[in-house]
Amino acid sequence: MELSDRDLDLVSVLCDGLPLAPRPFQAVGVAIGMGEDEVLGRLQALQQGGVIRRFGVIVRHHELGYRANAMVVWEVPADALSAVGRRLGACPEVTLCYSRPPRPPAWPYSLFTMVHGKSRGTVEEAVAVLAEREGVAHYRHELLFSTRRFKQCGARYQRRMAAE
Amino acid sequence: MLVLDDIDRRLLDLYQRDLPLVARPFAAMAEAVGVGEDIVLARLARLSEAGVISRIGAVFRPHRCGHSTLAAMAVPAERLEEVAAVVSAYPQVNHNYQRDHTLNLWFVIAAADAAEVAAVMTEIKDRTGIAVLDLPLIEDFHIDLGFDIRWS
């Protein structure tokens with residue numbers, strides 16, 4: 001799906017999320033001179049076109065009692081990456097699953113998954129169970145627990161103002 | 001920690017995806033949950049203030065309407081605060097975590113285009129004197145249905 005300038009305007013004002021008002025889409029549209037119907041129509045199209053993956057309440061795991069999270073990184077050879085990625089990406093314990101370029105020798109890992117749990121122990125156990133069940137335990141992997149959150153907010157795709 | 005009751009839980013269980021795209025979404029949610037629109041608005045405001053909700057809005061598929069990368073740095077322990085503050089101050093940085101590893105600072109840079117992402121990364125390296133590992137996404141394998149919260 002190709003995004004128009006109007007779509008990008010809408011994406012840009014949506015980065016902060018909806019205001020908690022009875023007609024939030026109307027309020028969002030005001031900032032970019034877009035009517036409520038157009039906002040809703042474009043959002044539906046963006047969702048159907050796969051640009052918006054989900055639209056809803058974005059929760060913070062930590063505040064819900066999921067105090068432990070590990071970025072679990074796997075050294076998966078290139079020829080197996082796609083199959084292993086799809087397999088882990090479909091697991092209920094996994095909340096993110098991306099392939100990224102390995103940077104050897106310092107960083108050999110090619111597949112990144114995120115696992116949340118109420119404690120470090122439950123995350124370690126969940127990863128061990130997952131690795132065994134999905135047949136990926138033989139790939140070298142590491143758990144990188146987060147020990148401190150310095151910043152967490154939504155991605156901002158602000159467009160720089162075009163020169164007049 | 002905030003105590004969440006049945007109304008809060010149902011809002012979080014039902015609306016992490018597929019928030020009704022209608023003129024009055026909170027009224028539609030209220031009807032489904034069996035309370036008034038004002039209650040839904042008040043609950044969502046309370047959850048936002050408590051930090052349980054970061055926002056109500058869209059999760060975009062990466063690289064469809066902007067550019068982003070995951071970056072990592074190996075920061076000496078005594079400089080962690082200072083370097084983390086430099087990184088967090090960029091509006092383009094949306095997540096910044098310390099992790100238990102030699103590469104101990106992990107953050108996401110997102111901007112309208114690749115050049116802006118690269119510029120932020122170079123600036124962070126120049127200002128801190130520490131190399132920044134660039135780990136851009138190649139493929140997204142996750143099917144995002146929101147988070148299945150175990151309430152017990």
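Note that this is a predicted model, so its numbers are computed, not measured. Convention: sequence-line order gives letters A, B, ...; per-chain numbering from 1.
Both the backbone and the side chain of B/Ala23 have a heavy atom closer than 4.5 Å to some heavy atom of chain A. With a threshold of 4.5 angstrom between heavy atoms, B/Asn104 does not approach chain A through any atom at all. A/Arg103 touches chain B through its side chain: at least one heavy atom from C-beta onward sits under 4.5 Å away, while N, CA, C and O do not. For B/Phe26, the part sitting under 4.5 Å from any heavy atom of chain A is the side chain, from C-beta outward, and nothing else. With a threshold of 4.5 angstrom between heavy atoms, A/Pro102 does not approach chain B through any atom at all. Neither the backbone nor the side chain of A/Gln26 comes within less than 4.5 Å of any heavy atom in chain B. Contacts of B/Leu4 with chain A are made by side-chain atoms alone, with heavy-atom separations under 4.5 Å and no backbone atom involved. Neither the backbone nor the side chain of A/Leu88 comes within less than 4.5 Å of any heavy atom in chain B. Only the side chain of B/Leu105 comes within contact range of chain A, with heavy atoms under 4.5 Å apart. B/Glu139 touches chain A through backbone and side chain together, each having a heavy atom under 4.5 Å away. Only the backbone of A/Ala21 comes within less than 4.5 Å of a heavy atom of chain B; no side-chain atom from C-beta onward does. Neither the backbone nor the side chain of A/Asp7 comes within less than 4.5 Å of any heavy atom of chain B.
For the pair A/Lys151 (side chain) and B/Tyr90 (backbone), a donor-acceptor distance under 3.5 Å is present. Counting only distance, with no hydrogens or angles, the side chain of B/His142 and the backbone of A/Thr95 share a donor-acceptor pair below 3.5 Å. No donor-acceptor distance shorter than 3.5 angstrom exists from the side chain of B/Arg17 to the backbone of A/Arg54, with no hydrogens or angles considered. Of the possible polar contacts, none joining the A/Ser146 side chain to the B/Arg99 backbone as a donor-acceptor pair under 3.5 Å is found.
When the shell of 6.0 Å around CD of B/Glu82 is examined, it contains more than 12 heavy atoms from other residues, nucleotides or ligands. The number of heavy atoms from other shown groups lying within 6.0 Å of CD (A/Glu134) is above 12. Counting heavy-atom neighbours within 6.0 Å of B/Glu78 CD, excluding the residue itself, gives a total above 12.
A single hydrophobic cluster is seen to contain both B/Leu80 and B/Val132, as judged by linkage of ILVMFWY side chains at heavy-atom distances under 4.5 Å, directly or through other members. The hydrophobic clustering, which links ILVMFWY residues whose side-chain heavy atoms are closer than 4.5 Å, places B/Leu133 and B/Val75 apart. A single hydrophobic cluster is not seen to contain both B/Met73 and A/Trp107; linkage of ILVMFWY side chains at heavy-atom distances under 4.5 Å, directly or through other members, places them apart. A/Val72 and A/Tyr98 end up in different hydrophobic clusters when Ile, Leu, Val, Met, Phe, Trp and Tyr side chains are linked at under 4.5 Å. Hydrophobic clustering of Ile, Leu, Val, Met, Phe, Trp and Tyr side chains at less than 4.5 Å, counting indirect connections, unites B/Val86 with B/Phe107.
Looking only at side-chain heavy atoms (C-beta outward), A/Ile58 and B/Val59 come within less than 4.5 Å of each other. In this structure, the side chains of B/Phe141 and A/Val94 stay at 4.5 Å or more apart for every pair of heavy atoms. Contact check for B/Leu12 versus A/Val57: side-chain heavy atoms found under the 4.5 Å cut-off. In this structure the side chain of B/Tyr97 never reaches within 4.5 angstrom of the side chain of A/Thr147, judged on heavy atoms. Counting heavy atoms from C-beta on, the side chains of A/Pro101 and B/Ile138 come closer than 4.5 Å. Counting heavy atoms from C-beta outward, B/Gln16 and A/Val59 have side chains that approach closer than 4.5 Å. A/Met71 places none of its side-chain heavy atoms less than 4.5 Å from the side chain of B/Asp100. Side-chain contact check for A/Phe55 versus B/Asp18: every heavy-atom pair is 4.5 Å or farther apart.
Counting heavy-atom pairs closer than 4.5 Å to chain B, the top-ranked of the candidates A/Ser99, A/Gly89, A/Gly17 is A/Ser99. Interface summary for chain A: among B/Pro25, B/Ala74, B/Ala45, the most heavy-atom pairs under 4.5 angstrom belong to B/Pro25. In terms of non-hydrogen atom pairs under 4.5 Å with chain B, the most contact-rich of A/Leu81, A/Leu144, A/Leu111, A/Asp37 is A/Leu144. Between chain A and the residues B/Leu47, B/Ile56, B/Leu44, the largest count of heavy-atom pairs under 4.5 Å involves B/Ile56. Annotation: maximal heavy-atom pairing with chain B below 4.5 Å, among A/Leu46, A/Leu96, A/Val28, A/Val39, occurs at A/Leu96. Taking A/Pro92, A/Ala90, A/Gly56 one by one and counting their heavy-atom pairs under 4.5 Å with chain B, the maximum is reached by A/Gly56. Highest contact tally toward chain B, considering only A/Leu143, A/Asn69, A/Thr113, A/Leu14, is held by A/Asn69 [criterion: heavy-atom pairs under 4.5 Å]. Chain A forms the most heavy-atom pairs under 4.5 Å with one residue out of B/Leu19, B/Leu21, B/Leu14, and that residue is B/Leu21. If you tally non-hydrogen atom pairs under 4.5 Å between each of B/Val22, B/Ile53, B/Val52 and chain A, the highest count goes to B/Val52. Comparing B/Asp140, B/Thr102, B/Val108 by how many heavy-atom pairs each has under 4.5 Å with chain A, the most go to B/Asp140. By number of non-hydrogen pairs under 4.5 angstrom with chain B, the leading residue of A/Pro19, A/Ala70, A/Ser82 is A/Ser82.
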- Derivation of the side-chain contact (heavy atoms from CB on, under 4.5 Å) call for B/Leu137 and A/Phe112: CA-CA 10 Å; B/Leu137 181 152; A/Phe112 288 61; over 6 Å; no
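Shortest non-hydrogen contact noted between B/Ala50 and A/Glu63 is O-CG, 3.9 Å. Of all non-hydrogen atoms in A/Phe150 and B/Ser88, the two that sit nearest each other are CB-OG, 3.7 Å. Taking each heavy atom of B/Arg55 and A/Asp16 in turn, the nearest pair found is CB-O, 4.1 Å.
To the nearest 0.5 Å, atom NE2 of residue A/His61 and atom OG of residue B/Ser54 are 10.0 Å apart.
A donor-acceptor pair shorter than 3.5 Å cannot be found between the side chains of B/Asn96 and A/Arg148.
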